Amino acid sequence: MRVYLDNAATTPIAPEVVETMLPLLQTEFGNPSSTHYYGRQAKAVIENARRTVAKHLNCNPAEIVFTSGGTEADNMALYTCTRALGVTHIITSSIEHHAIGHTAEFIAANDHIRVSYVKIDGKGNVDLADLEALLQTDEKTLVSLMHANNEIATLLPLQQVADLCKKYGAYFHSDTVQTMGHYSFDLQALGIDFITCAAHKFHGPKGIGFLYINKMLKTEALIHGGAQERGLRGGTENLYGIAGLAKAMDLAYEDVEGHQRHVQALKTHMIESLQKHFDDIYFHGETNPEKSLYTVLNCSFPKTEKAGMLLFTLDLKGVACSGGSACSSGAVKGSHVLEGIAADGSRPNVRFSFSRYTTQAEIDFAVEKLVEIFSTTLV
Ligand SMILES: Cc1ncc(COP(=O)(O)O)c(C=O)c1O
C-alpha cells in the first residue's frame with residue numbers, strides 16, 4: 001500500500017478535470033488572440049473560465065488575471081504595488097511562503113522599499129496590535145500576509161486584517177494559495193485588494209493560477225508582451241490549464257462544507273491516534289479547527305538520534321509526506337517557518353496534508369507505520 005499525505009505540496013488532478021481538459025487539448029488549438037473562428041473558440045474557453053472563477057469568489061471577471069501559478073501571482077501583487085501604486089513600505093511576516101518572502105527581500109534590496117515584519121506568536125498567529133502599530137505611518141503601505149500557513153496551518157483572521165488595512169489606507173494582499181478551493185470567499189464583502197491562487201492545490205492542473213486585483217486599482221504588467229489579460233500579463237494563454245482550473249473550482253465549491261467536514265474529521269482522527277500511540281508528541285501551529293487549515297497537520301515527534309531517517313523510512317514504507325524540517329541533522333534550518341515560530345529543531349517534525357480523496361484507512365496506515373518505525377528503525 002502507498003498513501004499520499006503531501007497534499008499541501010500538490011494534489012492529484014481530479015478525473016473530471018482531466019475529462020474537461022482532454023477534448024480541449026485535442027480540438028482547441030487556436031490562439032485566443034486570433035480573430036478568426038479558431039481564435040474566438042479558444043478565447044471563449046478562457047472567458048467562460050474567468051466567469052466561473054468570478055462567480056465562485058463573488059467578484060468581477062475583469063478582476064481575475066490568469067498567471068502561471070501562485071508564485072507569479074504573488075510576485076505580481078508585490079511588484080504591482082511598488083511599481084504602479086507607489087508603495088514604499090511592505091508589511092509581511094517571517095513565515096510567508098518564499099514566493100512572498102524572497103520577493104519582498106529582493107524588492108527591498110533592489111528598489112529601496114522598506115520591509116517590516118509583523119510579530120507572530122509561537123503558533124504562527126499574527127500579532128494584530130503590532131500590525132496596527134506598523135500601519136501607523138505616512139508611507140504608502142502594502143500588507144502581505146498569507147491566509148493559511150502551508151507548513152503549520154495557522155489561519156489569518158482575514159476580515160480583521162482587511163478592516164485594519166482599510167482603516168489605515170494600506171493595500172492588502174493575501175496569499176490564499178492553500179485556502180482557495182478549501183474555504184468560500186466573498187471578495188465584495190471582504191474588501192481586499194489582491195489574492196492569489198494555484199490550481200494544483202485543489203485538484204487542478206499545475207502551472208496555472210491567478211491574481212485577483214480589485215477593480216478600483218490601476219495596475220500594470222509584470223510580464224510584458226502582447227495585450228493578453230487586458231495588457232496585464234503578456235503571453236499566449238494556457239487555455240487548457242485555465243479550463244482545468246475553472247473545473248477544479250467548480251468541483252471544490254460543489255460541496256466545500258462536506259469536504260471540510262470529511263477532511264477535518266480525518267485530521268482530528270490522526271491527532272487522536274498519534275496522541276494515543278506517542279506520549280511525547282505535539283503539533284506545530286494552531287490545531288483548533290476555527291484557527292487552523294483543515295488540510296494540514298504538522299507533528300513534532302519524540303526526540304531520537306536517528307531523526308534524519310524518519311521521512312526517508314516513511315517513504316520506504318509507503319507513506320509520502322514532507323518534513324517540517326528538510327535538514328537531515330535534525331536542525332530546523334531547513335524550514336524558515338519552524339525557525340520563525342522558534343520550534344525545537346532537535347525533534348523530528350513532519351507535515352502530513354490531506355485532501356478530499358484521503359481516507360481513514362490511509363491515515364490508520366500512516367499511524368501504524370509511524371509506530372512501527374519509532375519502535376524499530378529509529379530506536
Ligand atoms: C502558500 C503558498 N504560496 C505560494 C505557493 C506557490 O505556488 P506555485 O507552486 O503554484 O507557484 C505555494 C506552493 O507551495 C504555497 O503553498
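What you see is a predicted model; the values in this text were computed from it and never measured.
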Inset, instruction - May I ask you to check whether F354 and H269 place their ring centres under 6.0 Å from each other? - result: no
Inset, instruction - Please test I113 against L78 for side chain to side chain contact (heavy atoms under 4.5 Å, CB included), starting from the C-alpha separation and ending with a verdict. - result: CA-CA 11 Å; I113 301 293; L78 263 53; over 6 Å; no
Which pairs would a plain distance check flag for residues 202-209, meaning a side-chain donor or acceptor within less than 3.5 Å of a matching protein atom at least two apart in sequence or in another chain?
residue: H203; atom: ND1; partner: P12; partner atom: O; Å: 2.8
residue: K206; atom: NZ; partner: T10; partner atom: OG1; Å: 3.1

Legend entry - Y357 backbone acceptor or donor facing S355 side chain under 3.5 Å: yes
Legend entry - Beyond-backbone contact of Y79 with D111, side-chain heavy atoms, under 4.5 angstrom: yes
Inset, instruction - Applying side chain to side chain contact (heavy atoms under 4.5 Å, CB included), run through H277 and L370 and close with a yes or a no. - result: CA-CA 9 Å; H277 288 99; L370 280 160; over 6 Å; no
What side-chain donor-acceptor pairs closer than 3.5 Å can you find for residues 306-320, not counting sequence neighbours?
residue: K306; atom: NZ; partner: V379; partner atom: O; Å: 3.2
residue: T313; atom: OG1; partner: M309; partner atom: O; Å: 2.5
residue: K317; atom: NZ; partner: E372; partner atom: OE2; Å: 3.0

Inset, instruction - Write out all pairs satisfying ring-ring contact (aromatic ring centres under 6.0 Å, His included) with one or both partners inside residues 97-122, taking only residues at least two apart or from two chains. - result: H98-H102, H98-H336
Inset, instruction - Check whether any side-chain heavy atom of I213 lies under 4.5 Å from a side-chain heavy atom of M76, and answer yes or no. - result: yes
Legend entry - Passing option when F194 is tested against L211, D175, T176 for side chain to side chain contact (heavy atoms under 4.5 Å, CB included): L211
Inset, instruction - In sequence, state the C-alpha distance, the side-chain angles, and the governing distance for L158 and S174, and then conclude on side chain to side chain contact (heavy atoms under 4.5 Å, CB included). - result: CA-CA 8 Å; L158 210 53; S174 187; 3.5 Å; yes
Inset, instruction - For residues L338 and H284, determine if any side-chain heavy atom of one lies less than 4.5 Å from a side-chain heavy atom of the other. - result: yes
Inset, instruction - Just grab all the salt bridge (Lys or Arg N to Asp or Glu O under 4.0 Å) pairs involving residues 29-50, residues at least two apart or on different chains. - result: K43-E47, E47-R50, R50-E229
Inset, instruction - Spell out, as yes or no, whether a donor-acceptor pair under 3.5 Å connects the side chain of D74 to the backbone of A99. - result: no
Inset, instruction - State whether the side chain of N214 and the backbone N or O of I192 hold a donor-acceptor pair below 3.5 Å, judged by distance alone. - result: yes
Inset, instruction - Check side chain to side chain contact (heavy atoms under 4.5 Å, CB included) between T359 and all other residues, then give those that pass, not counting sequence neighbours. - result: A361, E362
Inset, instruction - Check whether any side-chain N or O of Q159 sits under 3.5 Å from a backbone N or O of L190 as a donor-acceptor pair, and report yes or no. - result: yes
Inset, instruction - Apply side chain to side chain contact (heavy atoms under 4.5 Å, CB included) to Q260 and list each qualifying residue two or more places apart in sequence or on a separate chain. - result: Y183, Y294
Legend entry - Option passing side chain to side chain contact (heavy atoms under 4.5 Å, CB included) with I152 (candidates T287, V296, N298): N298
Inset, instruction - Scan for salt bridge (Lys or Arg N to Asp or Glu O under 4.0 Å) pairs involving residues 159-173, sequence neighbours excluded, and state none if there are none. - result: E132-K167
Inset, instruction - Indicate yes or no for a side-chain donor-acceptor contact from R347 to the backbone of S300 under 3.5 Å, with no hydrogens or angles considered. - result: yes
Legend entry - Minimum side-chain heavy-atom gap K247-E16 below 4.5 Å: yes
Inset, instruction - Could you tell me whether a side-chain N or O of Q178 sits under 3.5 Å from a main-chain N or O of A8, the two making a donor and an acceptor? - result: yes
Inset, instruction - Each residue besides V177 in its hydrophobic cluster should be listed here, by chain and number; the cluster joins Ile, Leu, Val, Met, Phe, Trp and Tyr at side-chain heavy-atom distances under 4.5 Å. - result: none
Legend entry - Any donor-acceptor N/O pair, Y171 side chain to T141 backbone, under 3.5 Å: no
Inset, instruction - State, with a plain yes or no, whether a side-chain heavy atom of I100 is found less than 4.5 Å away from one of M146. - result: no
Legend entry - I64 vs Y212 side-chain heavy atoms within contact, under 4.5 Å: yes
Legend entry - Qualifying salt bridge (Lys or Arg N to Asp or Glu O under 4.0 Å) pairs with a residue from residues 254-264, counting only residues at least two apart or across chains: none
Legend entry - Partner set under side chain to side chain contact (heavy atoms under 4.5 Å, CB included) for N125, not counting sequence neighbours: D121, K123, T154, E286
Inset, instruction - Sequence neighbours left out, what passes side chain to side chain contact (heavy atoms under 4.5 Å, CB included) with K55? Give chain and number order. - result: D250
Inset, instruction - Could you tell me which residues satisfy salt bridge (Lys or Arg N to Asp or Glu O under 4.0 Å) with E72, sequence neighbours excluded, listed by chain and number? - result: R233
Inset, instruction - Using the side chain to side chain contact (heavy atoms under 4.5 Å, CB included) rule, pick out the option among T295, V3, N7 that qualifies with T358. - result: N7
